[in-house]
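For clarity, every value in this text was computed on a predicted model and none was experimentally measured.
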Amino acid sequence: MSDHDHDHEHGHDHDHGDHDHDHAGHDHENDQEHDHDDRAELQARRRVALSQIRQYGDPVLRMRANEVEAFDEELARLTERMTGLMHDAEGVVLAATQVGILRRLFVFHDEGEDRVIVNPVLTVRGKESEVDEEGCLSLGPIRMPVERAVEVTLDGFDAEGKAVHLELEGMSARVVQHELDHLDGKMIIDRTDPDSRREAMAQLRPRLVLTR
Ligand SMILES: [Zn+2]
């Protein structure tokens, strides 16, 4: 779910083999400290990304996005920014409405590849559906069961306007159905069962008060 490529250049040598760690307070486990720093950096980046993603209660998440008409430089910049945010937030998918932009597009990470889907059209194949837990970058850590079609076809365009046709199933099919919902102002809280909705609302309400 969060397979970033993050190449770090620490700019200094990890091998302190020549030194004697015989001074009190100097015999750290250097590698552990670095792992800790890396994790802290990723967490900081995640917080920054999440602060740029609209959260539940924001009216833009309830609005229908409009068709994209121009495949221009601006669209390319937007999709790049969204792809970066998606990775920093440790998500696998992000819809334009989640960054406050009412245009029909989303980015998603599928089978090791970053994809951009503009003006997506979803067709359900077959009759099979299944229930599984879903989360959402606009709902914090809350997860809830959602029923989705198992097999779908997704048609649309990439950021350059080239036609995209994807036959998806399982998790990928689930992810694109979640995103199509975002572009229509729908969220998983509308799709889950009544008990899970009540539970989620109970967790969301106190947060809405705090962020006011
Ligand atoms: Zn979502």
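- Contact detail for Tyr56 and Met187: the closest heavy-atom pair is CD1-SD, 3.9 Å.
- Note that CD of Glu151 is 12.5 Å distant from OG1 of Thr123, once rounded to the nearest 0.5 Å.
- Annotation: Glu199, atom CD; neighbour count of heavy atoms from other residues, nucleotides and ligands within 6.0 Å does not exceed 12.
- Hydrophobic clustering, with ILVMFWY side chains joined whenever heavy atoms are under 4.5 angstrom apart, groups Met171 together with Leu122.
- Exactly one of Leu105, Leu166, Val107 qualifies for a side chain to side chain contact (heavy atoms under 4.5 Å, CB included) with Ile117. That residue is Leu166.
- Of the possible donor and acceptor atoms, none in the side chain of Asp155 sits under 3.5 Å from a partner among the backbone N and O of Val121.
- Judged purely by distance below 3.5 Å, without hydrogens or angles, the side chains of Thr83 and Asp114 never pair a donor atom with an acceptor atom.
- Across every non-hydrogen atom of Met144 and Ala200, the tightest pair is CE-CB, 3.8 Å.
- The line from CD1 of Ile101 to CG of Leu78 is 4.5 Å long, rounded to the nearest 0.5 Å.
- Note: the hydrophobic cluster containing Val175 also contains Val164 (ILVMFWY, side chain heavy atoms under 4.5 Å, direct or indirect links).
- Atom OG1 of Thr79 and atom CG of Asp158 lie 9.0 Å apart (nearest 0.5 Å).
- Note that CD of Gln177 and OG of Ser172 are 11.0 Å apart. Values are rounded to the nearest 0.5 Å.
- Between the Glu179 side chain and the Ala95 main chain, a donor and an acceptor come within less than 3.5 Å of each other.
- One N or O on the side chain of Arg197 and one on the backbone of Ile189 form a donor-acceptor pair closer than 3.5 Å.
- Linking ILVMFWY residues whenever their side-chain heavy atoms come closer than 4.5 Å, directly or via other members, leaves Val150 and Leu154 in distinct clusters.
- For the pair Arg115 and Phe108, the minimum side-chain heavy-atom distance is below 4.5 Å.
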> Step by step, would you call Thr97 with Met63 a side-chain contact (heavy atoms from CB on, under 4.5 Å)?
Replying inline: CA-CA 8 Å; Thr97 47; Met63 297 166 102; over 6 Å; no

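- Under a 3.5 Å cut-off, the side chain of Asp58 and the backbone N or O of Leu61 do not form any donor-acceptor pair.
- Under a cut-off of 6.0 angstrom, the local environment of CD in Glu69 is sparse, with at most 12 non-hydrogen atoms contributed by other residues, nucleotides or ligands.
- Nearest heavy-atom pair across Pro120 and Phe106 is CG-CE2, 3.7 Å.
- Judged by distance alone, the side chain of Glu90 and the main-chain N or O of Arg46 form no donor-acceptor pair under 3.5 Å.
- Between Val124 and Ala149 the shortest heavy-atom distance is CG1-CB, 3.6 Å.
- Each of Gln55, Gln98, His182 was checked for a side chain to side chain donor-acceptor pair (under 3.5 Å) with Ser138, and the lone residue meeting it is Gln98.
- Considering CD1 of Ile142 and CD1 of Ile188, their distance stands at 8.5 Å, rounded to 0.5 Å.
- With a 4.5 Å cut-off on side-chain heavy atoms, Met86 and Leu137 do not count as touching.
- The pair Arg148-Glu134 counts as a salt bridge, with a side-chain nitrogen and a carboxylate oxygen less than 4.0 angstrom apart.
- Between Val131 and Glu147, the shortest heavy-atom distance links the atoms CG2-CB, 3.9 Å.
- Counting only distance, with no hydrogens or angles, the side chain of Arg64 and the backbone of Asp184 share no donor-acceptor pair below 3.5 Å.
- Although no hydrogens or angles enter the test, the distance criterion places no donor-acceptor pair under 3.5 Å between the side chain of Arg191 and the main chain of Lys186.
- In this structure, CG in Asp88 is found 5.5 Å from CZ in Arg45, a value given to the nearest 0.5 Å.
- The side-chain heavy atoms of His165 and Thr153, taken from C-beta on, include a pair separated by under 4.5 Å.
- Met82 and Leu50 fall within a single hydrophobic cluster, where Ile, Leu, Val, Met, Phe, Trp and Tyr side chains are chained together by heavy-atom contacts under 4.5 Å.
- Without hydrogens or angle criteria, Arg104 side chain to Leu183 main chain gives a donor-acceptor distance under 3.5 Å.
- Across His178 and Gly135, no two heavy atoms sit closer than the pair CE1-O, 3.2 Å.
- No donor-acceptor distance shorter than 3.5 angstrom exists from the side chain of Asp110 to the backbone of Glu113, with no hydrogens or angles considered.
- Checked by atom type and distance alone, the side chain of Thr192 pairs as donor or acceptor with a backbone atom of Pro145 at under 3.5 Å.
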